[in-house]
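Working notes, beginning with the structure itself.
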Amino acid sequence: MNLKRIGLDTSKAVFTVHGVGQDERTALRCNLKRGGLEDFFAKLPPTVVALEACGGSHHWGRRLTALGHEVRLIPPQYVKPFVKRGKNDRNDAEAISEAAARPEMTVVAVKSAEQQAGAMILSVRELLVGQRTQLVNAIRGQAAEFGVVAAKGVSNIGRLLEKIAGDTEIPQAARDMLALLGARVTELDSQINQVELQMMQQHKANPVSRMLDAVPSIGPIVALTCALTVDASQYKSARHFAASLGVTPKERSTAGRQRLGSISKQGNERLRRLLVTGAMAVIKYARPGSKTASPWLLKLLERKPRKVAAVALANKTARIIWAMISSGEAYRRQPAG
């Protein structure tokens with residue numbers, strides 16, 4: 001069977017195939033079980049196989065590449081406009097094939113197993129920190145029901161638990177449950193410290209991460225995140241990279257009139273949040289004569305609110321990151337902005 005391109009809609013157990021011939025007409029439509037997917041593609045001559053860049057797509061990208069096929073991973077938001085009428089597996093597979101036919105379609109590079117394994121530490125830390133925040137908020141909320149409050153911050157949760165344990169007006173059952181939550185917070189603190197220690201070891205062993213750490217508003221966590229997840233070759237320029245992180249205005253221009261709104265908040269949410277947080281840290285201590293704040297940033301703070309300036313600084317930092325990674329040269333330390 002001579003196919004020009006195959007669109008593959010993936011799932012946990014059933015995979016839908018949509019193949020087109022050299023004349024771009026539908027030549028194959030079928031469903032495959034998970035266990036028979038590799039056998040099916042092993043019998044086909046090398047061709048283009050397009051998938052949505054979603055959960056498990058990198059795994060199948062590696063498998064299909066090993067069988068000699070050319071794999072194209074397409075972001076789901078770029079596939080959606082090609083879906084005809086109702087959404088189902090067959091229409092999705094056809095839409096993936098149609099999107100892959102566009103010559104200017106953006107594709108995602110297939111990651112190796114080692115790349116994915118190395119970046120797992122970032123998502124694991126994020127998950128543990130989120131669980132700790134959830135527990136701390138639960139403890140604060142339950143304690144407030146009994147009139148016990150404490151200052152903000154995770155560091156103050158220990159004093160809050162001590163206050164709860166010593167308050168005899170709180171029923172014993174409530175104190176036991178809050179102590180149980182407190183023990184879980186302590187356990188998570190220990191696990192987060194272990195993960196961050198491993199991250200620091202990776203940071204010190206990664207030359208790109210150490211290079212990025214020299215830039216103000218970028219710390220070890222941001223530097224390691226960029227080193228493990230950013231492929232500068234996927235972007236045409238620094239502006240394209242900044243736009244991919246969602247720190248540029250969303251545009252709704254029409255009839256020759258430019259209409260810019262708030263930032264798009266698209267792309268890598270974790271990296272965008274880290275860059276904005278780092279920018280806020282620089283702005284917090286921005287003063288005339290400061291080593292970390294340039295005249296550009298100080299003038300911007302005179303005209304714009306701090307959070308708007310933080311997004312602008314995050315945008316500029318993203319462009320610096322792209323330039324440093326793409327050039328591979330050490331960036332000379334200079335004031336942010």
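Numbers for residues simply follow the sequence, beginning at 1.
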Mark yes when over 12 heavy atoms from residues, nucleotides or ligands other than R63 sit less than 6.0 Å from its CZ; otherwise mark no. no
Qualifying residue for side chain to side chain contact (heavy atoms under 4.5 Å, CB included) with E52, from I74, T10, I96: I96
Are I263 and K250 close enough that some pair of their side-chain heavy atoms sits under 4.5 Å apart? no
Using distance alone, with no hydrogens and no angle criterion, decide if Q22 and R5 have a side-chain donor and acceptor under 3.5 Å apart. no
Find the distance between NE2 (H240) and CH2 (W322) and round it off to the nearest 0.5 Å. 10.0 Å
Using the salt bridge (Lys or Arg N to Asp or Glu O under 4.0 Å) criterion, which residues pair with K87? Sequence neighbours excluded. D92
Rounded to the nearest 0.5 Å, what separates atom CD in Q191 from atom CG in L127? 10.0 Å
Counting only heavy atoms not in R29 (residues, nucleotides, ligands), do more than 12 fall under 6.0 Å from its CZ? yes
Rounded to the nearest 0.5 Å, what's the gap from SG on C226 to CE on M211? Could you check? 10.0 Å
Quick one: does P75's side chain get under 4.5 Å of V108's, heavy atoms only? yes
Nearest-0.5 Å distance that lies between atom CZ in R85 and atom CG in N91: 10.5 Å
One should read off an interatomic distance between C30 SG and H18 NE2, to the nearest 0.5 angstrom, of 11.0 Å
Donor-acceptor check, side chain of R25 to backbone of V20, threshold 3.5 angstrom: yes or no? no
Any donor-acceptor pair under 3.5 Å linking the side-chain atoms of R210 with those of N206? no
Taking atom types as modelled, find out whether S209 and H203 have a side-chain donor-acceptor pair closer than 3.5 angstrom. yes
Is the closest side-chain donor-acceptor distance between R259 and S253 under 3.5 Å? no
With no hydrogens and no angle check, is any side-chain donor or acceptor of K163 less than 3.5 Å from a backbone partner on V149? yes
Not counting sequence neighbours, which residues clear side chain to side chain contact (heavy atoms under 4.5 Å, CB included) with K304? List them please. L300, V308
Value for CD (Q198) from CD (Q194), rounded to nearest 0.5 Å, stands at 7.5 Å
